[in-house]
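See structure below.
Both backbone and side-chain heavy atoms feed into the values below; hydrogens, waters and symmetry mates do not.
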Amino acid sequence: SEPAAKAVNFIGRRQTDSTFKFSVDLSFDPKANGQEAGVTAFLWQTANIQLGLVRSNGTTYLRYNSTEQQEKKIPVPASWLGKPMRLQITMPDPRTYLFAAMLASDKSRQISFGRASTAQLSPSGSFVGTLIGVYATCNGAGLGLDCPAATPKAYFRRWRYKGAEQYISETESVPSEDFNRVRGDPN
């Protein structure tokens, strides 16, 4: 198998709304190069966008990867090290993903990683078959499918996915809660 496919854990949920907000709190303190955990919009192995916490060259970074922008790395601010971080994916419109990180305890200081086109995952733009979720990997270290025994665990807490809008045409949308309401249900 390819090293990139070794020792990767992923869990996700299907994107069920044209636009949404997803966030999760990550507690992870990587100690060795290549140890990584984060959030992803995932369609398949070569069509995904990630924002993760990774150890590289002895430094812990927030690393953003997409087809449009590979290896955008920002050193984790010293005051954030060892503290739970909130990682977030939002879609302000059906053609754009926005990735951001912040301390779970202080959302006022946010690091944004720019806009990612949904065309990277689907040529037609927003695709409700995309999986939105979390991953952890040691990026090929270890033997077979297992990371080295000393690899720290990544803990994901406070999972939130909230649908915003469902587009019913190219230019018209309705709130997701209205669209998803069962007919005849007064609530």
Below 4.5 Å, heavy atoms only, C-beta onward: do [X] and [Y] meet side chain to side chain?
X	Y	result
Met85	Leu62	yes
Pro84	Arg157	no
Phe28	Gln35	yes
Pro92	Thr19	no
Arg160	Gln88	no
Thr130	Tyr97	yes

If you count every heavy atom of other residues, nucleotides or ligands that lies below 6.0 Å from [X] atom [atom1], does the total exceed 12?
X	atom1	value
Ile11	CD1	no
Glu170	CD	no
Lys21	NZ	no

Working to the nearest 0.5 angstrom, can you tell me the gap between [X] [atom1] and [Y] [atom2]?
X	Y	atom1	atom2	value
Arg86	Leu26	CZ	CG	12.0 Å
Gln50	Thr137	CD	OG1	10.0 Å
Ser23	Lys162	OG	NZ	12.5 Å
Thr118	Gln15	OG1	CD	8.5 Å
Arg14	Leu131	CZ	CG	9.0 Å
Arg55	Cys138	CZ	SG	15.5 Å

Distance-only side-chain donor-acceptor flag, Tyr135 / Glu36, under 3.5 Å: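 Yes - a donor-acceptor pair under 3.5 Å links their side chains.
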Distance-only polar pair, side chains of Ser176 and Gln166, donor-acceptor under 3.5 Å: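 Not at all, the side chains of Ser176 and Gln166 share no donor-acceptor pair under 3.5 Å.
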Minimal non-hydrogen separation, [X] against [Y], with atom names:
X	Y	answer
Ser66	Ile49	CB-CG2, 3.7 Å
Phe20	Ile89	CE1-O, 3.8 Å
Ser18	Tyr167	OG-N, 2.9 Å
Pro30	Thr60	CG-CG2, 3.9 Å
Asp29	Pro152	O-CG, 3.5 Å
Leu51	Leu87	O-CD1, 3.9 Å

Between the side chain of [X] and the main-chain N/O of [Y], is any donor-acceptor distance below 3.5 Å?
X	Y	answer
Glu172	Ile168	no
Tyr161	Thr16	yes
Asn33	Gly58	yes
Asn48	Leu43	no

Pairs touching residues 102-115 that satisfy salt bridge (charged side-chain N to carboxylate O under 4.0 Å, His left out), sequence neighbours left out: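 Non-adjacent pairs meeting salt bridge (charged side-chain N to carboxylate O under 4.0 Å, His left out): Asp93-Arg115.
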Say whether [X] and [Y] are linked into one hydrophobic cluster, either directly or through other cluster members, by side-chain heavy-atom distances under 4.5 angstrom.
X	Y	result
Val24	Leu103	yes
Met91	Val134	yes
Val76	Tyr61	no
Ile111	Leu81	yes
Val39	Phe10	no

Steps toward side chain to side chain contact (heavy atoms under 4.5 Å, CB included) verdict (Glu71, Asn65): CA-CA 5 Å; Glu71 291 287 317; Asn65 266 321; 3.6 Å; yes
CA sep, side-chain torsions, deciding dist, call: Ser56, Lys73, side chain to side chain contact (heavy atoms under 4.5 Å, CB included): CA-CA 10 Å; Ser56 177; Lys73 292 194 298 192; 3.4 Å; yes
Mutual orientation of the aromatic rings belonging to Phe22 and Trp159 [parallel < 30°, tilted 30-60°, perpendicular > 60°]: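 Phe22 vs Trp159 ring planes: perpendicular.
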